[in-house]
Amino acid sequence: MIQEPKYDLHSHSYYSDGSLSPTELVLKATERGITHLALTDHDTLDGLGEASRAADKLGLNFINGVELSCTWEKLLIHVVGLNVDPSNKILQRAIKSNKQRRESRAESMYEDLEQNDIDIRETVIRNLKGRGVPTRPHFADALVEHGFAKDKKQAFKRYLVKGKPGYIPMLWPDLNEIAKAITSAGGVAVLAHPMRYKLTRTKLSLLIKDMVAAGVKGIEICTASTDKQQIKMLSDLAQKFRLVASVGSDFHSETQPWAKLGQTEPLPKELTPVWNLF
Ligand code: AMP
Ligand code: MN
Ligand code: MN
Ligand code: MN
């Protein structure tokens with residue numbers, strides 16, 4: 001029997017804020033019937049080698065990916081780079097710079113929390129195990145572990161967000177710089193989870209226009225949380241701006257039931273899939 005292709009081009013491992021090792025992630029993907037998987041950890045390429053080796057063993061098609069944070073009009077935007085060359089120096093430099101920004105933000109976060117009599121430094125560092133890039137979910141987990149919140153969701157409500165202890169505003173690189181780094185590495189730059197930014201359709205169109213000028217070629221249409229109406233709206237935008245379409249669950253862990261690995265609607269037939277460019 002020939003297996004139907006099934007793509008999931010947005011996922012995380014424990015090299016950023018996911019809970020699984022790249023090997024465990026690849027295994028889970030095969031169990032879910034995924035035939036093509038991209039690992040897209042935040043601001044790191046460190047999990048790609050392991051994932052690629054595991055995928056080879058299991059006969060799964062693996063795509064090298066990364067999710068980079070950047071700024072557009074003072075907003076935090078995530079861009080996914082797909083089919084990138086991990087040995088590309090320009091991409092590596094952009095990632096190194098984002099990692100350094102994360103390290104110095106983490107330091108400021110510890111200090112801000114300490115001002116509020118919260119000391120979770122040791123716990124965050126222990127949970128990073130020397131391999132992950134520090135992300136806010138690492139802080140959220142540590143806050144839960146120390147009893148400052150009952151779960152991650154509450155931790156993100158009481159802390160780490162604007163106006164709350166542990167929130168440190170970030171200066172991420174400009175969208176243009178990030179798109180260029182991905183493109184230089186032979187990758188396809190894709191706007192991640194476009195509904196997450198809570199923009200009006202007009203503002204979203206402005207973002208896409210600037211993205212296209214910056215060299216972004218694609219947009220995520222089907223994510224684990226997009227409904228039929230949103231898929232229709234995003235498909236219209238993709239066609240209007242001649243963008244290729246991507247599919248990605250944004251899986252982090254099984255404790256995040258709203259983003260299950262492989263749980264995405266199929267791409268509308270009228271769209272050009274991003275994998276045509278791989
Ligand atoms: P960072 O890039 O370190 O600022 O962390 C952003 C990450 O935090 C996102 O990629 C999500 O995985 C996670 N995140 C953001 N908001 C929430 C929330 N309310 N609940 C759980 N996870 C969240
Ligand atoms: Mn994340
Ligand atoms: Mn994201
Ligand atoms: Mn993500």
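Just follow the structure's listing: the first ligand is 1, and inside any ligand the first atom is 1.
- In this structure, R131 forms a cation-pi arrangement with Y14, its terminal cationic atom sitting closer than 6.0 Å to the ring centre and no more than 45° off the ring axis.
- Distances from the Mn ion (ligand 2) to the N/O/S atoms of H252 are shortest for NE2.
- Legend: residues meeting ring pair (Phe, Tyr, Trp, His ring centres under 6.0 Å) with F139, ordered by chain and number and at least two apart, are Y110.
- For CD of E122, the number of neighbouring non-hydrogen atoms (other residues, nucleotides, ligands) closer than 6.0 Å is 12 at most.
- Closer than 2.8 Å to the Mn ion (ligand 3) sit the protein N, O or S atoms E67 OE2, H78 ND1, H193 NE2.
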Table please: side-chain donor-acceptor pairs of residues 24-32 below 3.5 Å, with sequence neighbours left out.
unit_1 : atom_1 : unit_2 : atom_2 : d
E24    : OE1    : S21    : N      : 2.8
E24    : OE1    : S21    : OG     : 3.4
K28    : NZ     : E254   : OE2    : 3.1
T30    : OG1    : L27    : O      : 2.7
R32    : NH1    : L261   : O      : 3.4
R32    : NH2    : E254   : OE2    : 3.1

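- Around NZ of K180, the count of heavy atoms belonging to other residues, nucleotides or ligands within 6.0 Å does not exceed 12.
- Remark: side-chain polar atoms of H138 are paired, donor with acceptor, to backbone N or O of T135 under 3.5 angstrom.
- Restricting D17 to its N, O or S atoms, the one at the least distance from the Mn ion (ligand 2) is OD2.
- Every residue two or more places apart in sequence or in another chain was checked for a ring pair (Phe, Tyr, Trp, His ring centres under 6.0 Å) with W172, and none qualifies.
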